[in-house]
Amino acid sequence: MIDLDAPVWRGINQYVQKSLQQLEAGEGGFRENVDLLADNTSHQLSWYDATAYALPHVARLCKKLSVEEKLYLIAQMGPAVAAESQASLSPDTEEFREFHEGLAPLAQEARELVERHMEEVKALPKDLPLVFAVAALALLWDRKRAWYLYLWAPWDELPAMCPECGWYEECMDFSLEEEPEFVAPGALNEEGVWLQKLLTAIGDRELLPRLPYLYGTCTCPECGASGPLWTWMDHAYEEG
């Protein structure tokens, strides 16, 4: 963990440094500082190097926060954590080490909140219960899938590309007014079952009905090849 007073922060992000310093000192409005921190580590779901160096401080900060404050902090930092899936950090870099130093304790905080404080999760205002749920997915399961969920919310349209012939559907209809044309619902794997339980507990009605399709099978109308929709979404994003 790099000390917040270290000169190196001038080359990382001084806005992130200032937000963390104010949060550590309890200065200013808590949510305002968290919002500024989130804005400077996850703007437009891009990866910022500052996220890696901020994460150990975020994890340490969690230890002295109330349940409600932890929930808000983790929900707001979820996109920054998920964006690491786009960074391809090398394990032999300081950035990788800093990120994972913060990731492990934050994941534990998220696990405890899900397992012990569901009433507080449900009491979050507006869409924050769902935002927290996706953040928990990023921390406990798959960061790339969480990133896709942030990127394509509210999931009315999703992309897919056949890895065999290159057939590409930029805006596959997932409004659920009728069954998506090229996707058959599938059985949820362990991750999907976990997410389904969490979304059911918070009373979600947006993402929950789409889960069987997200974990379902896409069939190409051109060549007849089939495969997991998540994989075809990967291909669409990487090649489309």
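- Applying the 6.0 Å contact sphere to CD of Glu170 captures no more than 12 heavy atoms from other residues, nucleotides or ligands.
- Ser42 approaches Ala80 most closely through the heavy-atom pair CB-N, 3.4 Å.
- Distance check: Leu37 CG to Asn13 CG gives 9.0 Å after rounding to the nearest 0.5 Å.
- Under the 4.5 Å side-chain heavy-atom criterion for grouping Ile, Leu, Val, Met, Phe, Trp and Tyr, Leu20 is not connected to Tyr15 through any hydrophobic cluster.
- A salt bridge does not link Arg97 with Glu94: every distance from a Lys NZ or Arg NE/NH1/NH2 to an Asp or Glu carboxylate oxygen is 4.0 Å or more.
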Is there a side chain to side chain contact (heavy atoms under 4.5 Å, CB included) between Trp194 and Leu137 once you walk through the steps?
CA-CA 9 Å; Trp194 174 88; Leu137 177 68; 4.2 Å; yes
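- Both Leu198 and Leu211 are members of a single hydrophobic cluster when ILVMFWY side chains are connected at heavy-atom separations under 4.5 Å.
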Could you walk me through whether Ile202 and Met118 pass the side chain to side chain contact (heavy atoms under 4.5 Å, CB included) test, one step at a time?
CA-CA 8 Å; Ile202 65 174; Met118 191 50 59; 3.9 Å; yes
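- Judged by distance alone, the side chain of His57 and the main-chain N or O of Gln21 form no donor-acceptor pair under 3.5 Å.
- Under a hydrophobic clustering in which Ile, Leu, Val, Met, Phe, Trp and Tyr are joined whenever their side-chain heavy atoms come within less than 4.5 Å, directly or via other members, Leu4 and Tyr48 fall into different clusters.
- Atom OG of Ser19 and atom CD of Gln14 lie 12.0 Å apart (nearest 0.5 Å).
- The side-chain heavy atoms of Leu73 and Met77, taken from C-beta on, include a pair separated by under 4.5 Å.
- Counting only heavy atoms from C-beta outward, the side chains of Leu208 and Leu195 never approach each other to under 4.5 Å.
- Taking the side chain as every heavy atom from C-beta outward, Leu124 and Val131 never approach each other to under 4.5 Å.
- Note: Glu98 CD to Thr93 OG1 = 10.0 Å, rounded to the nearest 0.5 Å.
- In this structure, the side chains of Gln76 and Leu128 come closer than 4.5 Å at one or more pairs of heavy atoms.
- Using modelled atom types, no side-chain atom of Asp127 and backbone atom of Leu130 make a donor-acceptor pair closer than 3.5 Å.
- Considering every non-hydrogen atom in both Leu229 and Tyr213, the closest pair reads CD2-O, 3.4 Å.
- One finds a salt bridge joining Lys64 and Glu24 here, because a Lys/Arg side-chain nitrogen approaches an Asp/Glu carboxylate oxygen to under 4.0 Å.
- The aromatic ring centres of Trp147 and Tyr237 sit less than 6.0 Å apart.
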Does the pair Thr51 and Glu84 meet the rule for a side chain to side chain contact (heavy atoms under 4.5 Å, CB included), with working shown?
CA-CA 9 Å; Thr51 299; Glu84 184 270 346; over 6 Å; no
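- Atom CD of Gln196 is separated from atom CD of Glu191 by 12.5 Å, given to the nearest 0.5 angstrom.
- Counting heavy atoms from C-beta outward, Glu120 and Glu68 have side chains that approach closer than 4.5 Å.
- Closest heavy-atom contact between Met233 and Tyr148: O-OH, 3.9 Å.
- Glu177 contributes atom CD, which lies 8.5 Å from atom CG of Asp156 (distance to the nearest 0.5 angstrom).
- Tested against Phe96 for a side-chain contact (heavy atoms from CB on, under 4.5 Å), the candidates Pro91, Ser90, Ser88 yield a single pass: Pro91.
- Annotation for Tyr168 and Ala236: closest pair CE1-CB, 3.7 Å, computed over non-hydrogen atoms.
- Because its NZ or CZ atom is not both nearer than 6.0 Å to the ring centre of Phe174 and within 45° of the ring axis, Arg210 does not count as a cation-pi partner of that residue.
- Residues Cys218 and Ser226 are not in side-chain contact: their nearest non-hydrogen atoms beyond the backbone lie 4.5 Å or more apart.
- Residue Phe30 places its CZ atom among more than 12 non-hydrogen atoms of other residues, nucleotides or ligands, all under 6.0 Å distant.
- Distance alone, capped at 3.5 Å, is enough to place a donor-acceptor pair between the Asn33 side chain and the Glu27 backbone.
- The two residues Ala107 and Leu140 have their closest heavy-atom pair at O-CD2, 3.3 Å.
- Residue Phe99 comes nearest to Leu55 through the heavy atom pair O-CD2, 3.5 Å, listed as atom of the first residue, atom of the second, then distance.
- Both Leu176 and Leu199 belong to a single network of hydrophobic side chains, linked directly or stepwise wherever heavy atoms of I, L, V, M, F, W or Y lie under 4.5 Å apart.
- Between Cys62 and Glu109, the closest side-chain pair of non-hydrogen atoms falls below 4.5 Å.
- For the pair Cys162 and Cys223, the minimum side-chain heavy-atom distance is below 4.5 Å.
- Interatomic distance, CG of Leu61 versus CG of Leu23, reported as 5.5 Å (0.5 Å rounding).
- A salt bridge is defined here as a Lys NZ or Arg NE, NH1 or NH2 lying under 4.0 Å from an Asp or Glu carboxylate O, and Glu112 with Lys70 fails to meet this definition.
- Salt bridge annotation for Arg31-Glu69: absent, with no cationic side-chain nitrogen under 4.0 angstrom from a carboxylate oxygen.
- Counting non-hydrogen atoms of other residues, nucleotides and ligands closer than 6.0 Å to NZ of Lys63 gives a total of 12 or fewer.
- No continuous path of ILVMFWY side-chain contacts below 4.5 Å connects Met1 to Leu89, so the two sit in separate hydrophobic clusters.
- Asp5 and Gln17 form no side-chain donor-acceptor contact under 3.5 Å, judged by distance and modelled atom types alone.
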Do Phe182 and Trp232 pass the ring-ring contact (aromatic ring centres under 6.0 Å, His included) test, and can you show the C-alpha distance, the side-chain angles, and the key distance before you say yes or no?
CA-CA 11 Å; Phe182 306 115; Trp232 288 38; 9.4 Å; no
Trp9 vs Asp3, test: side chain to side chain contact (heavy atoms under 4.5 Å, CB included). Steps then yes/no.
CA-CA 9 Å; Trp9 280 98; Asp3 191 278; over 6 Å; no
